[in-house]
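What follows is a short report on a single structure.
Below, read A as the first sequence line, B as the second, and so on, with proteins coming before strands; counting in each chain starts at 1.
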2 protein chains.
Amino acid sequence: MLSVLHNSPTIANHPKFIARAISDDRLPVASVIEEIASQYRTIPAGTDIYSEGEASDDLYMVVEGWVFQHQILEDGRRQILDFALPGSLLGFQPDRGAEMTHAAEALTRATVAVIPRDRLGEFLSRDPELGLRVISAAAGALNTAYESLTDVGRRTAREAVAHLLLRLFSRICAAGPQVAGTAISFPLTQEHIGDALGLTAVHVCRTLRCLREKGVVQLTNGKLSVLDPGALAEIAGCMPDAEASSGTQIPSRERMRRVG
Amino acid sequence: MLSVLHNSPTIANHPKFIARAISDDRLPVASVIEEIASQYRTIPAGTDIYSEGEASDDLYMVVEGWVFQHQILEDGRRQILDFALPGSLLGFQPDRGAEMTHAAEALTRATVAVIPRDRLGEFLSRDPELGLRVISAAAGALNTAYESLTDVGRRTAREAVAHLLLRLFSRICAAGPQVAGTAISFPLTQEHIGDALGLTAVHVCRTLRCLREKGVVQLTNGKLSVLDPGALAEIAGCMPDAEASSGTQIPSRERMRRVG
DNA sequence: CGACTACTTGATGAATTTCAAGCCATGTGG
DNA sequence: CCACATGGCTTGAAATTCATCAAGTAGTCG
């Protein structure tokens, strides 16, 4: 399951890093998909690939750039549902012709491969293997949604931010090996992070300062440096190891669970 | 997309009810799956169908009973990821042999059909249509995960509880038509609701009392009555219509979004 | 009847939001 | 080149939602 990390020895092998924390696997459907894509679309930063309510009959694969999916409530509250990096599939819908329940927006300039839903069936019968791959991709997306869910629902702001950074970092590592401490391109604003985690940008700012002051990460001007992946994973993993250097308290939410 | 509601005129046709609030579609893969299931398993309430960390090479379809999926943090905090009713598929994993990133537990006594992953490919090549159905099921699960995500991240406790009840209610309606006000079997405890929404059971209790006092729902002893589906949807949909009877305030989180 | 679980209610406290400024970069037009 | 607007970040103080702690009630089950 950790195949995504194979290329990144320095960081990826860190024991804390190789935890269930990172369960964000997306099989490379890339090669297959690119063959059956009907066309490519390049989208400027900040514009929608598809919008909520729209009846989209296409599936997309990100080829380049960052994309995110979100839902917006009537009064403007926004929840970011997932980030899509090159290789990610986008726009699954249960039924043909169903309205999209969320929007997808390009975070940076991005290009996507467009797969018409109608032709998917045709390709599925020609190449049964493809079905498995698409199912795997969907399963991967489901897994990251589940990770986000426990981030938002059950982790502290600090834990959640650390965990999100870790997950995104691991996906970036998957694309090309990274060395700890190196600054990598990271186009999210604090507002994006907040909207992904159910926090306000203000509080993300404070949380990030906390992580910065501990020398764990550095995040400025669209560049992310993970200085201490171990400590980051420690914070994300929310284990009250008492190892945590500075006198920061983990809330005492211990509810001893009756072990089913 | 609202096919799930067709049988339930009294409630399903309510305008507020037919909102994007309910985007929880799961195609009936049932008939096909039951054919290829290798066996059935019946699980007593409160025990795991699969556990986190376990390498499960099966896919499951719930045939009877309620199941829920969850993740548990080291200190006992629990996040419920989804509820599975008869017809729901369970246990998608990106890779063969991957460790499950979450557990599935029977909420009531439940029976599931077991589909060995290995044979899935085989069946996919025999019946390409099946691939589309499984993809649809995964897309449905993804949609409900996304709805939960914005419940937990961006909705008030009251909105979130109302929205969750509404979503579950709509799924129950899909199985067999219900008339507003009728008590239906609803096996979740307040703790389950809390763990699904990132709240404590105590706070769910207070929230539920609020809904009860408004005459919107009644939830006691495993029985749920939706007395006023319209009001419930109103509360869930978080539209500041000023229609809300009692003097309850919706928090002023309006951030006017620069339209991308 | 005691043990247990689910639910209820109140009082207190903590995490996070809201409101309000100010800062720093970048870009734009006179 | 400067004025000025803009977007993202930062920080502080006050308000609020929600969690924690604590107790008590009701229903179930052996």
Using rotation axes that map the C1' atoms of four end pairs onto the next four (five pairs an end), what angle separates the end axes of the helix from C/dA14-D/dT17 to C/dG30-D/dC1, to 10°?
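So the angle between the two local helix axes works out to 20°.
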Figure out the [atom1]/[atom2] separation between [X] and [N], and round it to whole Å.
| X | N | atom1 | atom2 | answer |
| --- | --- | --- | --- | --- |
| A/Arg154 | D/dT20 | CZ | C1' | 13 Å |
| B/Lys223 | C/dA6 | NZ | P | 18 Å |
| A/Leu199 | C/dT18 | CG | C1' | 14 Å |
| A/Arg77 | D/dT17 | CZ | C1' | 13 Å |
| B/Asp75 | D/dA19 | CG | C1' | 14 Å |
| B/Leu224 | C/dC7 | CG | P | 13 Å |
| A/Arg158 | C/dA15 | CZ | P | 9 Å |
| A/Asp151 | C/dT16 | CG | P | 13 Å |

Does A/Thr200 place a side-chain N or O at less than 4.0 Å from the phosphate oxygens OP1/OP2 of C/dT17?
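Affirmative; the distance criterion is met.
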Can you name the side-chain contact (heavy atoms from CB on, under 4.5 Å) partners of [X], sequence neighbours left out?
| X | result |
| --- | --- |
| A/Ala162 | A/Leu232, A/Ile235, A/Ala236 |
| A/Glu64 | A/Thr111 |
| B/Thr220 | B/Gln218 |
| B/Ala183 | B/Lys223, B/Ser225 |

Output yes when a side-chain donor or acceptor of A/Thr108 lies under 3.5 Å from a complementary backbone atom of A/Trp66, and no otherwise.
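Confirmed, A/Thr108 side chain pairs with A/Trp66 backbone.
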Is a donor on one side and an acceptor on the other found under 3.5 Å between the side chain of A/Thr189 and the backbone of A/Glu191?
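A pair under 3.5 Å: yes.
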Are A/Asp195 and B/Arg154 close enough for a salt bridge, meaning some N to O gap below 4.0 Å?
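Answer for the salt bridge query: yes.
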Between N or O atoms, less than 3.5 Å apart, protein on one side and nucleotides 9-11 of chain D on the other: list the pairs.
residue: D/dC9; atom: OP2; partner: A/Gln190; partner atom: N; Å: 3.0
residue: D/dT10; atom: OP1; partner: A/Arg212; partner atom: NH2; Å: 3.2
residue: D/dT10; atom: OP2; partner: A/Gln190; partner atom: NE2; Å: 2.5

I would like to know whether B/Asp48 and B/Ser51 meet side chain to side chain donor-acceptor pair (under 3.5 Å); could you show each step before the answer?
CA-CA 6 Å; B/Asp48 279 359; B/Ser51 307; 3.0 Å; yes
Just checking B/Gly198: base, sugar-phosphate only, or nothing, at a heavy-atom cut-off of under 4.0 Å?
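Here B/Gly198 touches the backbone only, sparing every base.
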So, do A/His102 and A/Tyr50 have ring centers that fall under 6.0 Å from each other?
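That pair passes the under 6.0 Å test.
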